[in-house]
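To start, the structure itself, in structure tokens.
Letters go in sequence order (proteins before strands), and every chain restarts at 1.
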Protein chains: 2
Amino acid sequence: MTTAQMPDRLDLIFSALADPTRRRVLSMLLEDDMAVSDVAAPFDTSLASISKHLAVLAAAGLIRQERRGRITWCKLDPDGMRGASVWMQGFGQFDPIDLDDFERFLETELRDDDDREAP
Amino acid sequence: MTTAQMPDRLDLIFSALADPTRRRVLSMLLEDDMAVSDVAAPFDTSLASISKHLAVLAAAGLIRQERRGRITWCKLDPDGMRGASVWMQGFGQFDPIDLDDFERFLETELRDDDDREAP
DNA sequence: ACATTATTCAACCGTTCGGTTGACCATTGC
DNA sequence: GCAATGGTCAACCGAACGGTTGAATAATGT
């Protein structure tokens, strides 16, 4: 059967990116490689949950996980995003990377992504 | 309650893009504005299904729907993708838009996205 | 007025998703 | 060897998703 109904890589990537927790994880990994537990630390969900999220990101090719000793290192794989990025670029000639814009964006995500509480 | 758990715009955009049918719709709209029925035509799902997909895309700000007479026109809103595109660009300095690459990509998606059958 | 066309609404159904919990390997430290 | 640490696995749960069908709403054509 060649009609394997295998999900497109774009499916994997975009649905991986659709979750705010996973996006936050990626942002964290942008700053440095991390062990699974360290990734999980700032979240108030279970370790297992984060482990699953990381698996999703890995399946989408957005991160790579390398087991060394008893800790599993998670490393961003920016190239994994390339296909999706290219696809999106086709829908409008966006300015060639407004890095400042992104910086602010990231800041926001990192600061109050998950637990924003009412004052 | 200010802690409304309102989904982030990026959630909306990326999860809208996570579905191959919706991506194909966007590709179609890239070529021209279309009525809902015309969008639905090439797919072998129900009209209602496509109508829902279009609602999702509209909610994500990726298309705009304008009712004129009894037909609802669907029009791509490339600017809706901007935020997500900017976000992604932050994860790697991708080349400034390889349009040829994209063209081929699109071709592929349009041709055999949904119904690939075994020979 | 009546039938037709265009689209959405509402209820339902099976599947996937994100989360939890507790058991289960590994690897390290004593 | 034994206990602690790091991570995954498996089973489960409620919510969201993508699809279907049939009724409902609206504008158009005759």
Residues passing the salt bridge (Lys or Arg N to Asp or Glu O under 4.0 Å) test with Asp11(B), sequence neighbours excluded, are Arg23(A)
Polar atom pairs between nucleotides 24-30 of chain C and protein, under 3.5 Å, N or O only, would you list them?
residue, atom, partner, partner atom, Å
dT27(C), O2, Arg70(A), NH1, 3.2

Rounded to whole Å, the CH2-C1' distance (Trp73(B) to dA6(C)) equals 12 Å
Contacts of Thr72(A) meeting side chain to side chain contact (heavy atoms under 4.5 Å, CB included) (sequence neighbours excluded), chain-then-number -> Val36(A), Gln65(A), Arg67(A)
Glu66(B) CD to dA6(C) P, in whole Å, measures 18 Å
Note to self: Evaluate Thr45(A) against Thr21(A) for side-chain contact (heavy atoms from CB on, under 4.5 Å), listing each step before the verdict.
What the structure shows: CA-CA 10 Å; Thr45(A) 64; Thr21(A) 299; 5.8 Å; no
The remaining residues in the hydrophobic cluster of Leu12(A), counting side-chain heavy-atom contacts under 4.5 Å among Ile, Leu, Val, Met, Phe, Trp and Tyr, are none
Rounded to whole Å, CG of Leu57(B) lies from C1' of dT8(C) at a distance of 16 Å
Donor-acceptor contacts under 3.5 Å from residues 49-60 of chain B side chains, at least two apart:
residue, atom, partner, partner atom, Å
His53(B), ND1, Arg22(B), NH1, 3.1

Cluster membership besides Ile71(B), Ile/Leu/Val/Met/Phe/Trp/Tyr side chains within less than 4.5 angstrom, sorted by chain and number, is Trp73(B)
Taken to the nearest 0.5 Å, the spacing of Met34(A) CE from Leu29(A) CG works out to 7.0 Å
Sorted by chain and number, sequence neighbours left out, side-chain hydrogen bond (donor to acceptor under 3.5 Å, both in side chains) with Asp38(B) holds for none
Whole-Å distance, Asp11(A) CG to dT16(C) C1', equals 13 Å
Where do N or O atoms of nucleotides 16-23 of chain D meet protein N or O atoms at under 3.5 Å, pair by pair?
residue, atom, partner, partner atom, Å
dG18(D), OP1, Arg22(B), NH2, 3.0
dG18(D), OP2, Arg22(B), NH1, 3.3
dG19(D), OP2, Ser49(B), OG, 3.3
dG19(D), OP2, His53(B), NE2, 2.2
dG19(D), N7, Lys52(B), NZ, 3.1
dG19(D), O6, Lys52(B), NZ, 2.7
dT20(D), OP2, Ser46(B), N, 2.9
dT20(D), OP2, Ser46(B), OG, 2.8
dT20(D), O4, Lys52(B), NZ, 3.4

